[in-house]
Q: 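Pasting in a structure now, in structure tokens, and then I'll have a few things to ask.
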2 protein chains.
Amino acid sequence: MQKESKRCISREDDVCLCSIEGIIGILSKKWSLLIISAIGNNHKLRYNELEKKLDKISPKTLADRLKELENANIIKRESFAEIPPRVEYSLTKEGADLRKAIMPLMRWVSSRDGKLSS
Amino acid sequence: MQKESKRCISREDDVCLCSIEGIIGILSKKWSLLIISAIGNNHKLRYNELEKKLDKISPKTLADRLKELENANIIKRESFAEIPPRVEYSLTKEGADLRKAIMPLMRWVSSRDGKLSS
DNA sequence: TATTTAACTATAAACTTGATAGTTTAAATA
DNA sequence: TATTTAAACTATCAAGTTTATAGTTAAATA
């Protein structure tokens with residue numbers, strides 16, 4: 001009861017009982033939403049395909065975010081023992097659900113950014 | 001054409017043409033989504049009501065995010081010449097649209113965090 | 001032996017966020 | 001009269017995150 005209200009954004013409305021310590025803290029990091037969208041839109045992506053699509057991300061940040069999202073069970077990493085090595089990232093079931101949940105946001109963002117740049 | 005593809009997450013799918021330089025960069029900062037949700041869920045909130053609802057945010061970060069969201073035309077700031085001073089934050093029309101776009105995400109987040117903490 | 005390529009790792013600088021104390025204003029209180 | 005009170009911040013420095021850039025690893029090939 002009281003434990004819950006501490007981490008509530010609102011008591012009247014149950015839209016959000018989330019704390020920054022949870023998954024929202026990961027999604028609020030720079031690049032997370034774009035990484036999830038990119039992988040989702042392309043079904044599978046390799047590390048350097050992501051690097052290109054996400055124009056300007058640093059390799060450290062990309063590697064850190066991928067690990068974090070993998071640990072959170074949002075994305076899956078598959079590596080193939082080839083030379084040069086090949087690693088493919090895709091969304092898990094949970095990641096695909098999350099992607100659906102962020103699509104309205106991404107649409108809103110692209111329509112707004114579109115308006116400005118057109 | 002080429003200008004667009006540089007900042008595209010995907011060319012096949014128009015769900016996201018957004019770059020981290022735009023509004024997504026602001027929304028990807030820590031606390032932004034929770035601030036927008038909190039204000040939206042409560043219609044209007046004062047600075048220190050936000051501070052309490054957003055348990056653990058620092059005053060600097062809250063002040064910075066509020067200014068940034070105000071500049072981006074997501075929230076509106078109204079101050080009243082009283083002692084002690086009163087300032088109320090609410091969503092603009094654009095902010096309200098954004099909030100609608102974020103609701104599926106917030107619901108997904110709270111159902112997932114809920115599972116973990118129950 | 002040197003080269004090639006994907007997928008990172010290492011490191012130091014730049015930028016963002018956090019913790020804590022302090023500022024401002026004027027009415028209410030001691 | 002001096003002190004207290006309260007909201008909405010600002011100032012400052014420490015801590016954490018992101019960037020830029022160079023380097024590592026592996027094995028087939030020139």
Side-chain angles (χ1 to χ4, degrees), chain A residues 6-7 18-36 38-39 42 44-72 74-90, chain B residues 6-7 18-36 38-39 42 44-72 74-90:
Chain A
K6 275 220 167 145
R7 58 189 200 85
C18 34
S19 91
I20 205 79
E21 313 294 332
I23 185 73
I24 195 81
I26 295 175
L27 299 177
S28 293
K29 285 188 181 180
K30 201 167 173 182
W31 300 106
S32 292
L33 294 173
L34 293 180
I35 290 171
I36 293 162
I39 296 175
N42 293 277
K44 273 175 193 293
L45 282 176
R46 298 172 66 167
Y47 179 92
N48 64 24
E49 292 174 322
L50 271 165
E51 235 178 357
K52 280 165 211 149
K53 298 228 178 246
L54 300 170
D55 194 37
K56 308 298 186 194
I57 194 172
S58 76
K60 180 186 188 317
T61 302
L62 180 53
D64 287 353
R65 274 316 66 73
L66 289 170
K67 267 177 210 151
E68 193 166 54
L69 292 169
E70 192 192 357
N71 290 337
I74 303 300
I75 66 177
K76 184 171 53 135
R77 192 191 112 112
E78 276 187 287
S79 70
F80 301 87
E82 301 170 2
I83 300 295
R86 179 161 58 103
V87 176
E88 290 182 341
Y89 293 93
S90 56
Chain B
K6 276 218 168 148
R7 57 189 199 83
C18 34
S19 91
I20 204 78
E21 314 294 333
I23 186 74
I24 195 81
I26 295 175
L27 299 178
S28 293
K29 286 189 180 181
K30 201 167 172 182
W31 298 107
S32 291
L33 294 172
L34 293 181
I35 290 171
I36 293 162
I39 295 176
N42 293 277
K44 273 176 194 292
L45 281 176
R46 299 172 66 168
Y47 179 91
N48 64 24
E49 292 174 322
L50 272 164
E51 233 178 0
K52 278 164 212 151
K53 298 229 179 245
L54 300 170
D55 196 35
K56 307 296 186 197
I57 194 172
S58 77
K60 177 187 189 322
T61 302
L62 179 53
D64 287 353
R65 279 308 70 72
L66 289 171
K67 268 177 209 151
E68 193 166 55
L69 292 170
E70 192 192 355
N71 290 336
I74 303 300
I75 66 176
K76 183 171 54 133
R77 193 193 112 111
E78 277 189 287
S79 71
F80 301 86
E82 300 171 2
I83 301 294
R86 180 161 58 104
V87 176
E88 291 182 341
Y89 293 94
S90 56

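Sequence lines set the chain letters: A, B, ... in the order given, protein chains first and strands last, and positions in each chain run from 1. Just the heavy atoms: all of them, side chains too, but no hydrogens, waters or symmetry mates, feed the values below.
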Q: Measure NZ/A:K52 against P/C:dC8 and give the value in whole Å, please.
A: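 From A:K52 NZ to C:dC8 P: 14 Å.
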
Q: Within a radius of less than 6.0 Å around NZ of A:K56, do more than 12 heavy atoms belonging to other residues, nucleotides or ligands occur?
A: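 Not more than 12 within 6.0 Å, no.
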
Q: Show the nearest heavy-atom pair for residues B:A38 and B:L45, with the distance to one decimal.
A: O-CD1, 3.5 Å

Q: Whole angstrom is fine here: how far is it from NZ in A:K67 over to P in D:dT18?
A: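 It is 14 Å, rounded to the nearest whole Å.
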
Q: Nearest to the A:Y89 side chain among D:dT17, D:dT10, C:dC8, which nucleotide is it?
A: C:dC8

Q: For DNA chain C, which residues of residues 75-86 of chain A approach it to below 4.0 angstrom with any heavy atom?
A: A:R77, A:P84, A:P85, A:R86

Q: Hey, does the side chain of B:R65 come within less than 4.0 Å of C:dT17's phosphate (OP1/OP2), counting only N and O?
A: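 For B:R65, the contact criterion (side-chain N or O under 4.0 Å from OP1 or OP2 of C:dT17) is met.
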
Q: Over all heavy atoms of both residues, which pair between B:P59 and B:E51 is shortest? Give the atoms and the distance, please.
A: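 Closest pair (atom of B:P59, atom of B:E51, distance): CB-OE2, 3.8 Å.
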
Q: Could you tell me how far apart B:I35 (CD1) and D:dA8 (P) are, to the nearest whole angstrom?
A: 15 Å

Q: Let me spell it out: for each of A:D64 and B:R46, pick the nucleotide of DNA chain D with the closest heavy atom. Which residue's pick is nearer the 5' end?
A: B:R46

Q: What I'd like to find out is whether the side chain of A:I35 reaches to under 4.5 Å of the side chain of A:L62, using heavy atoms alone.
A: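 Answer yes - side chains close enough.
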
Q: Send over the distance from A:L54 CG to D:dA20 P, rounded to a whole Å.
A: 14 Å

Q: Taking C-beta and beyond as the side chain, do B:I26 and B:N71 meet within less than 4.5 Å on heavy atoms?
A: no

Q: Mind calculating the distance between CG (A:L50) and C1' (C:dA6) to the nearest angstrom?
A: 13 Å

Q: Tell me: CG of B:L62 to P of D:dT10, nearest whole Å?
A: 11 Å

Q: For residues A:V87 and A:S79, report the shortest heavy-atom separation together with the two atoms involved.
A: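 Of all heavy-atom pairs spanning A:V87 and A:S79, the closest is CG2-CB, 3.8 Å.
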
Q: B:L66 CG to D:dT10 C1': how many Å, rounded?
A: 14 Å

Q: Between B:C18 and A:L34, which heavy-atom pair has the shortest distance, and what is it?
A: SG-CD2, 3.8 Å

Q: How bent is the helix from C:dT1-D:dA30 to C:dA30-D:dT1, comparing axes over its five end pairs at each side, to the nearest 10°?
A: 40°

Q: Measure the distance from CD on B:E51 to P on C:dT17 and round it to the nearest whole Å.
A: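 B:E51 atom CD is separated from C:dT17 atom P by 16 Å.
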
Q: For the residue pair B:D64 and B:E68, establish whether any side-chain heavy-atom pair is separated by less than 4.5 Å.
A: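 Not touching, per the 4.5 Å side-chain cut-off.
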
Q: Give a yes or no on whether the backbone of A:Y89 and the side-chain of A:Y47 come within a donor-acceptor separation of less than 3.5 Å.
A: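 Flag not set: sc A:Y47 to bb A:Y89 has no pair under 3.5 Å.
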
Q: Any carboxylate oxygen within less than 4.0 angstrom of a Lys/Arg side-chain nitrogen, looking at A:E70 and A:R77?
A: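 So A:E70 does not pair with A:R77 through a salt bridge.
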
Q: Dump the pairs, protein N or O against N or O of nucleotides 18-23 of chain C, anything under 3.5 Å, distances to one decimal.
A:
residue : atom : partner : partner atom : Å
C:dG18  : OP1  : B:K30   : NZ           : 3.1
C:dG18  : OP1  : B:W31   : NE1          : 3.3
C:dG18  : OP2  : B:W31   : NE1          : 3.3
C:dG18  : OP2  : B:T61   : OG1          : 2.8

Q: What are the two closest non-hydrogen atoms of B:R46 and B:P85, and how far apart are they?
A: NH2-O, 3.5 Å

